[in-house]
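First up is the structure itself, then whatever we jot down about it.
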Amino acid sequence: MAESMRGLKRTCRCAELTTENIGQTVTVMGWVQKSRNKGGIIFVDLRDRSGIIQLIFEESSVGAEGFEKAAKLRSEFVVAVTGKVERRSGATNENLKTGEIEIVSENIRILSESETPPFPIEENSKTKDDLRLKYRYLDLRRPDLQRNLILRSQVATLTRQFLADEGFLEIETPILNKSTPEGARDYLVPSRVHPGSFYALPQSPQLFKQLLMCSGYDRYFQIAKCFRDEDLRADRQPEFTQIDMELSFVDVDDVIDVNERLLKEVFKLVGVDVQLPLPRMTWQEAMDRFGSDKPDTRFGMELNDVTEIVRGCGFGVFTGAIENGGSVRGINAEGQGAMPRKKIDKLVDFAKDFGAKGLAYLSVQEDGSYKSSFAKFMTEEELENLVKAMNGKPGDLLLFAADKNKVVWDVLGNLRLELARQMELLDKNVFHFLWVTEFPLLEYNEDLGRYQAMHHPFTMPMEEDLEFLESDPGRVRAEAYDIVLNGTELGGGSIRIHRNDVQEKMFEALGFSKEDAYKQFGFLLDAFKYGVPPHAGLAYGLDRLVMLMAKEDSIREVIAFPKVKDASCLMTDAPNEVDPAQLEELGIDVVKKESEE
């Protein structure tokens with residue numbers, strides 16, 4: 001039966017006790033991790049967010065009634081125990097912070113009893129994700145998840161303090177916004193007061209933080225909730241958190257400088273000394289070398305452009321791609337030359353998932369001979385030149401893609417990561433940061449038949465490329481920058497357009513008429529009429545940042561109450577149907593799709 005804790009005060013958390021507390025009387029409160037009744041003595045491991053302490057119950061110290069209570073303890077009972085800290089009488093436990101001490105109990109109160117939980121509360125749970133997320137309030141008791149959320153809190157606190165010391169002001173921006181194009185799908189919120197009209201939840205505070213620069217606030221930041229209605233994956237959720245910032249009167253180097261120093265401070269929390277300055281690489285170099293605009297530089301296996309080497313060879317797949325304006329590129333999986341054909345076939349299937357029509361391979365045998373899917377189409381000299389261009393050695397496996405550059409980059413960029421996983425080259429204890437700069441300003445959307453902003457419509461073109469904005473938009477580079485860690489984009493930003501003439505040209509390149517631009521962004525464009533400072537910004541994904549710091553594979557492990565793949569919450573059953581009266585008040589009819597036959 002549960003008891004009151006009236007008159008009791010917790011003096012410390014469980015794992016805050018050390019050998020320096022020996023001889024002191026303390027009161028601890030928490031959950032029973034496990035209990036072991038040895039007859040005349042009962043051992044209990046008590047857990048709270050700080051860790052575990054061992055409790056000893058003997059009738060001589062806790063009394064007959066207390067000993068009887070201790071005998072009832074089961075996993076997840078909540079108790080308050082007062083006792084004396086002593087050095088362990090038995091062997092020490094080197095796996096616990098409190099492994100040298102124990103509490104000899106003098107008083108116990110059972111504050112709450114527990115049913116048998118649906119899974120054990122333990123480190124590195126092997127319980128299926130769906131069950132863990134259904135009972136997330138129990139899952140969150142696990143020490144590894146608690147460490148993750150404590151780390152997340154520490155990152156947020158340190159970030160706030162660092163940015164405040166750098167002259168940033170924390171200012172909140174609205175959650176109920178206007179829906180604007182050029183992004184992912186918005187989450188929409190119907191308005192009762194304005195029937196038929198909708199708010200949109202913010203995909204980012206982008207327009208509002210630019211308005212704050214117009215308002216003279218100089219340096220803004222916010223740890224902001226953002227929402228995007230898009231398909232989920234390991235590092236994506238429908239609602240996520242950004243460390244968002246904007247600065248006035250700065251250039252790219254200024255933005256990079258303050259953020260490098262922020263990252264250096266943040267990573268001290270996990271014992272990592274970030275060496276500054278961080279390396280930088282242009283978007284073009286990143287794509288040419290790694291096939292990705294967020295390259296993982298923890299390992300090599302870089303792309304090699306062999307277009308000129310195979311131009312005019314007898315292999316039609318190569319020459320056909322070149323004639324169609326594409327390229328032929330390859331990667332060298334060093335030491336994988338003995339890979340079985342079945343495994344190579346799986347790599348071919350993997351490549352097809354990213355748009356490849358196939359994957360050409362050549363393995364260099366230990367005797368120097370070649371085993372290849374295309375050797376019969378090329379002369380010995382052509383093969384030798386190709387292997388030499390790929391720095392191939394006996395025992396290496398060379399893999400080639402031939403197509404339009406975009407396809408080749410996508411295929412080989414992902415194939416390189418898949419091989420790295422198979423070859424166990426992805427060391428989570430290594431942190432490789434990289435700034436990727438000079439992104440294309442625009443990318444052509446074949447489906448829409450027009451250009452789209454690679455970042456957003458307010459990104460400043462590079463000064464030297466402004467002349468091409470009308471004549472050759474695809475050639476224009478942006479003053480944009482992403483910060484990448486171990487192949488994951490931590491954040492990105494850009495210098496913003498603050499000149500009316502450039503903004504008009506940008507809208508024209510995107511196919512916006514003046515009327516369309518004002519319909520969507522009129523409040524921002526109006527603000528720009530009244531003196532706008534040059535400004536720039538950057539936003540981090542806080543979830544991704546903490547995920548990498550905690551060496552987790554999914555951001556669900558660093559978010560208290562995450563959604564699953566279909567954007568639902570298994571614990572609360574959200575989203576759910578609402579009362580028809582609510583829908584009627586909003587003027588909404590729900591049209592249910594017919595079940596597919």
Could you go through residues 257-269 and list every donor-acceptor pair under 3.5 Å that involves a side-chain atom there, pairing it with any protein atom two or more places apart or in another chain?
unit_1: D257; atom_1: OD2; unit_2: R261; atom_2: NE; d: 3.4
unit_1: D257; atom_1: OD2; unit_2: R261; atom_2: NH2; d: 3.2
unit_1: N259; atom_1: OD1; unit_2: Y540; atom_2: OH; d: 2.7
unit_1: N259; atom_1: ND2; unit_2: V255; atom_2: O; d: 2.8
unit_1: E260; atom_1: OE2; unit_2: L278; atom_2: N; d: 3.1
unit_1: E260; atom_1: OE2; unit_2: W435; atom_2: NE1; d: 3.0
unit_1: R261; atom_1: NH1; unit_2: E166; atom_2: OE2; d: 2.7
unit_1: R261; atom_1: NH2; unit_2: E166; atom_2: OE1; d: 3.2
unit_1: K264; atom_1: NZ; unit_2: D273; atom_2: OD1; d: 2.8
unit_1: K264; atom_1: NZ; unit_2: V274; atom_2: O; d: 2.7
unit_1: E265; atom_1: OE2; unit_2: K268; atom_2: NZ; d: 3.1

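Note on K128 versus D130: no salt bridge recorded, every NZ/NE/NH1/NH2 to OD/OE distance being 4.0 Å or above. At a threshold of 4.0 Å, the pair D129-R132 counts as salt-bridged, since one of the basic side-chain nitrogens sits closer than that to a carboxylate oxygen. At a threshold of 4.0 Å, the pair D349-K346 does not count as salt-bridged, since none of the basic side-chain nitrogens sits closer than that to a carboxylate oxygen. The existence of a salt bridge linking D465 and R475 is excluded, since no basic side-chain nitrogen approaches an acidic carboxylate oxygen closer than 4.0 Å. Taking 4.0 Å as the cut-off between side-chain N and carboxylate O, R141 and E76 count as a salt-bridged pair.
Using a 4.5 Å cut-off on side-chain heavy atoms (C-beta onward), S568 and D573 make no contact. Contact check for I223 versus D244: no side-chain heavy atoms found under the 4.5 Å cut-off. Proximity of V411 to D403: side-chain heavy atoms (C-beta onward) are nowhere separated by under 4.5 Å. With a 4.5 Å cut-off on side-chain heavy atoms, T459 and E479 do not count as touching. Looking at N177 and Q203, their side chains never come closer than 4.5 Å, going by heavy atoms from C-beta outward. Under the 4.5 Å side-chain criterion, counting only non-hydrogen atoms from C-beta, D288 is in contact with W409. Put simply, the side chain of L138 reaches to within 4.5 Å of the side chain of P118, judged on heavy atoms. Here the side chains of E285 and V436 are not in contact, with every heavy-atom distance at 4.5 Å or above.
With ring centers used as reference points, H455 lies under 6.0 Å from F439.
Between the side chain of S554 and the backbone N or O of R556, at least one donor-acceptor pair lies under 3.5 Å. Remark: the backbone N or O of D251 is paired with a side-chain donor or acceptor of D254 at under 3.5 angstrom. Judged by distance alone, the side chain of D186 and the main-chain N or O of L188 form no donor-acceptor pair under 3.5 Å. Remark: side-chain polar atoms of E123 are not paired, donor with acceptor, to backbone N or O of R142 under 3.5 angstrom. No donor-acceptor pair closer than 3.5 Å links the side chain of Q33 to the backbone N or O of D48. Between the K209 side chain and the M245 main chain, a donor and an acceptor come within less than 3.5 Å of each other. Checking side-chain atoms of H432 against main-chain N and O of N486 turns up no donor-acceptor pair under 3.5 Å. Judged by distance alone, the side chain of D144 and the main-chain N or O of N124 form a donor-acceptor pair under 3.5 Å. With hydrogens and angles disregarded, no donor-acceptor distance shorter than 3.5 Å links the side chain of N445 to the backbone of R450. When atom types are taken as modelled, the side chain of D139 and the backbone of Y135 share no donor-acceptor pair closer than 3.5 angstrom.
Here the shortest heavy-atom pairing between S248 and P533 reads OG-CG, 3.7 Å. Scanning both residues, K563 and P238, for their nearest heavy atoms gives CG-CG, 3.6 Å. Residue Q520 comes nearest to K178 through the heavy atom pair O-NZ, 3.7 Å, listed as atom of the first residue, atom of the second, then distance.
Sparse packing is recorded around CZ of R192, with 12 or fewer heavy atoms of other residues, nucleotides or ligands lying under 6.0 Å away. Atom CZ of R10 has more than 12 heavy atoms from other residues, nucleotides or ligands within 6.0 Å. The 12-atom threshold is not exceeded at OH of Y530, counting heavy atoms of other residues, nucleotides or ligands nearer than 6.0 Å.
Taking D229 as the reference, R185, Y187 meet the side-chain contact (heavy atoms from CB on, under 4.5 Å) condition, with sequence neighbours excluded. Every residue meeting the salt bridge (charged side-chain N to carboxylate O under 4.0 Å, His left out) condition with E170, not counting sequence neighbours, appears here in chain and number order: R160. Partners of E464 according to the side-chain contact (heavy atoms from CB on, under 4.5 Å) rule, which considers only residues two or more places apart in sequence or in another chain, are M462, R477. In this structure, the side-chain contact (heavy atoms from CB on, under 4.5 Å) partners of E122, at least two apart in sequence or on a different chain, are P120. Every residue meeting the side-chain contact (heavy atoms from CB on, under 4.5 Å) condition with P440, not counting sequence neighbours, appears here in chain and number order: W283, M454.
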Derivation and outcome, side-chain hydrogen bond (donor to acceptor under 3.5 Å, both in side chains), residues D543 and Q237: CA-CA 9 Å; D543 314 294; Q237 283 276 301; over 6 Å; no
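Side-chain contact check for N414 and E418: no donor-acceptor pair (N or O, by modelled atom type) lies under 3.5 Å.
Figure legend: R496 and F458 shown without cation-pi pairing, the cationic atom not lying both under 6.0 angstrom from the six-membered ring centre and within 45 degrees of its axis.
By the 30° and 60° cut-offs, the orientation of the rings of Y451 relative to Y444 is perpendicular.
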